[in-house]
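Shown next, in structure tokens, is the structure this report addresses.
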Amino acid sequence: MEDVLEPEKKRTRGLGTATKFTSSHPRAPAITTVPQAQGQTTAPKVPKKTGPRCSTAVVTVLKNQKPGPAVPAQKPGTAAPPKLGGKKPSKRPAWDLKGQLCDLNAELKCCRERTQTLDQENQQLRVQLREAQQQATALGAERRTLEGELTRVRAQAEQLEERLGTQEGLVQELQKEQLELQEERRELATRLEEQERRLQASEAALSGSQAEVASLRQEAAAQAALLAERGERLHGLEMERRRLHNQLQELKGNIRVFCRVRPVLPGEPTPPPGFLLFPSGPGGPSDPPTHLSLFRSDERRGTLSGVPAPPTRHDFSFDRVFPPGSGQDEVFEEIAMLVQSALDGYPVCIFAYGQTGSGKTFTMEGGPGGDPQVEGLIPRALRHLFSVAQELSGQGWTYSFVASYVEIYNETVRDLLAPGTRKGQGGECEIRRAGPGSEELTVTNARYIPVSCEKEVEALLHLARQNRAVARTAQNERSSRSHSVFQLQISGEHAGRGLQCGAPLNLVDLAGSERLDPGLALGPGERERLRETQAINSSLSTLGLVIMALSNKESHVPYRNSKLTYLLQNSLGGSAKMLMFVNISPLEENVSESLNSLRFASKVNQCVIGTAQANRK
């Protein structure tokens, strides 16, 4: 039996090393053997395991164990026959009770021996069971450890699978991005090839352009040299033009007199035929008229003789005569060249002289309403100067213009551009020299306003019309009772050649010249008009004396006898160019005043002033 159990024990131990258990089992109860009935073999029975699980080693041992040979039961009271040769004794007869007892004793002894042997085997099996249980416990702990490791490994596997999925998604994205980059690379390669082709074409074009630029630079240098040469020539021609222009003005006379006859206004009587005649010039009717013939009837001579005396003819000759039909544009066209002399650096002074109502203010300032056809000399002159200055800017000249507008009323200077005042009721104005040793004159408390466009000039003229002193006289409903002087100081500079020039342009609207009637009864208003007339006639007389003194080359010129001549003395001297408009009325009732104006203008026209000099630096 021991020999039979020994290999089973070894196999059990071998299984213990090969089989792993994940849980412990309860200790199995002791195995007991019960004698079998007749003809049956006694085999060890393993009780059912009461625990949750049974060790596989114990089950394996119990299954492999072979039951021993069964011993047949004997009747009590009979002795067991001795075994001979391993053969069973023959059955005793029923009457042989002693033999049967002996057989039973022998059989009992064998059962006891067998029981002892089974007890020993049971002890050994219990020992093996305890060892198997210990081994099962160890295997259960190892199993739990392995299950924990399996769980951890499974978690790691899940994490790895998740990471693998993420990595696979990333790989797919990277592959997609790689495809896009490859496509972009191909596109860039195509563009690079195109750019290289274009670069080669550009380099070829650049080479051609550089050659062309070099040629153009040479041509530009030649053009610059030619331009400089032509600039020098142009400058020389401009200087020659100025010289010839000045020479032409001198040939015409540094003092010129124009006569203008205003048209008959609505409501005025029509003059008799032949009252005013305008003989043609030497060239015939195509030449502008320069002569004027006025016919006057002498009623006193006709009364003494009893026969009407023929009208007396008075002939006058001027530089130009403008009949009543002459327009403002025709008048300005004749003086445009003289106005341009101011840009060349020559002082220019233009007067409008005549009796009240003869059209002096209309000639200088123009008519009301802003009609371009009736604009006067002042707005037209400034427009012409602005235009010529713009043309000369292409030759390197820059010009600036500063305007002032004053009136001389009863030998008092008033600023017509003073804002917020009426009829010069601003600060006191005096004529002073600009500085110590300076010949330039200025008016204190007067506004000097830079102008650069026609609108600014129009605004100044509008303000001056509102502030000028006017009054009703016997000859005119609204007569100017003061001398108005519009002064434009012109400054020019050629920075490239270091040239400067400056000169004033004076446009003067003289007050109406009227003779006093000594037999007129004087009231308060008439006394005021009398003082005005006396001041006007005195200043006009002084103007005539100054012109005569200049013509006669006298050592003393009475500039200071009148505020008018004192203010204009730099524009009346030998370096100035003067032009006088004598305005006369076409009405026969004004023939006496017209004759006086024409005679004064004839005297001025006979004066000769020295050669004008430009104010250049």
Side-chain angles (χ1 to χ4, degrees), residues 231 234-235 237-243 245-246 249 254 335-350 377-406 415-417 429 431-461 464 485-508 566-579 612-617:
L234 182 61
H235 177 70
L237 291 175
E238 174 64 19
M239 294 297 104
E240 182 67 14
R241 183 201 65 77
R242 295 191 179 193
R243 186 185 68 81
H245 176 77
N246 180 58
Q249 299 301 315
N254 284 336
I335 70 166
M337 300 301 291
L338 179 63
V339 171
Q340 188 171 341
S341 295
L343 285 177
D344 298 339
Y346 296 94
V348 176
C349 186
I350 300 177
L377 299 184
I378 295 177
R380 291 176 184 269
L382 267 71
R383 184 187 303 115
H384 179 72
L385 290 176
F386 293 152
S387 175
V388 176
Q390 182 66 28
E391 294 177 2
L392 292 177
S393 64
Q395 302 179 16
W397 286 93
T398 57
Y399 287 92
S400 61
F401 305 91
V402 179
S404 65
Y405 210 163
V406 299
D415 183 14
L416 294 178
L417 302 181
C429 298
I431 303 173
R432 296 285 185 268
R433 295 197 177 274
S438 174
E439 296 295 330
E440 182 179 355
L441 295 176
T442 184
V443 179
T444 60
N445 295 326
R447 295 179 67 195
Y448 287 84
I449 303 175
V451 291
S452 59
C453 63
E454 302 172 24
K455 291 185 178 180
E456 295 176 352
V457 177
E458 291 175 1
L460 297 183
L461 294 179
V485 181
F486 180 86
Q487 287 186 321
L488 184 69
Q489 184 63 41
I490 304 173
S491 300
E493 180 180 7
H494 194 299
R497 300 183 181 276
L499 298 178
Q500 294 180 349
C501 65
L505 171 64
N506 297 275
L507 301 172
V508 185
Y566 184 37
L567 178 62
L568 299 176
Q569 67 175 350
N570 291 333
S571 299
L572 300 176
S575 62
K577 299 179 183 296
M578 285 188 296
L579 178 108
Q613 300 293 328
N615 295 330
R616 296 176 183 167
K617 298 180 182 179

First locate atom [atom1] of [X], then atom [atom2] of [Y], and finally report the distance between them rounded to the nearest 0.5 Å.
X: C501; Y: I490; atom1: SG; atom2: CD1; value: 8.5 Å
X: L505; Y: L338; atom1: CG; atom2: CG; value: 8.5 Å
X: I378; Y: L461; atom1: CD1; atom2: CG; value: 5.5 Å
X: W397; Y: Q500; atom1: CH2; atom2: CD; value: 9.0 Å
X: Q340; Y: L392; atom1: CD; atom2: CG; value: 7.0 Å
X: L417; Y: I449; atom1: CG; atom2: CD1; value: 5.0 Å

Would you say the side chain of [Y] lies within less than 4.5 Å of the side chain of [X], judging by non-hydrogen atoms?
X: L499; Y: E493; result: no
X: I350; Y: V339; result: yes
X: D415; Y: V443; result: no
X: F401; Y: L382; result: no
X: L416; Y: F486; result: no
X: L460; Y: Y405; result: no
X: E454; Y: V457; result: no
X: V406; Y: L567; result: yes

Looking only at heavy atoms, what is the nearest atom pair of [X] and [Y], with distance?
X: Q395; Y: H494; value: O-NE2, 2.8 Å
X: A342; Y: A503; value: O-CB, 3.8 Å
X: Q569; Y: L441; value: NE2-CD1, 3.4 Å
X: Q489; Y: G502; value: NE2-C, 4.3 Å
X: L572; Y: C349; value: CD2-SG, 4.4 Å

Query raised in the report: In this structure, are over 12 heavy atoms from other groups packed under 6.0 Å from Q390 atom CD?
Result: no
Query - Derivation of the side-chain contact (heavy atoms from CB on, under 4.5 Å) call for T442 and Y448 - result: CA-CA 10 Å; T442 184; Y448 287 84; 3.1 Å; yes
Query raised in the report: Can you list the residues that meet the side-chain hydrogen bond (donor to acceptor under 3.5 Å, both in side chains) rule with N506, with sequence neighbours excluded?
Result: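 Once residues adjacent in sequence are excluded, the partners of N506 under the side-chain hydrogen bond (donor to acceptor under 3.5 Å, both in side chains) criterion are Q487, S571.
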Query raised in the report: Counting only N and O atoms by type, is there a donor-acceptor contact under 3.5 Å from the side chain of Y399 to the main-chain atoms of L343?
Result: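 Yes: the side chain of Y399 pairs with the backbone of L343.
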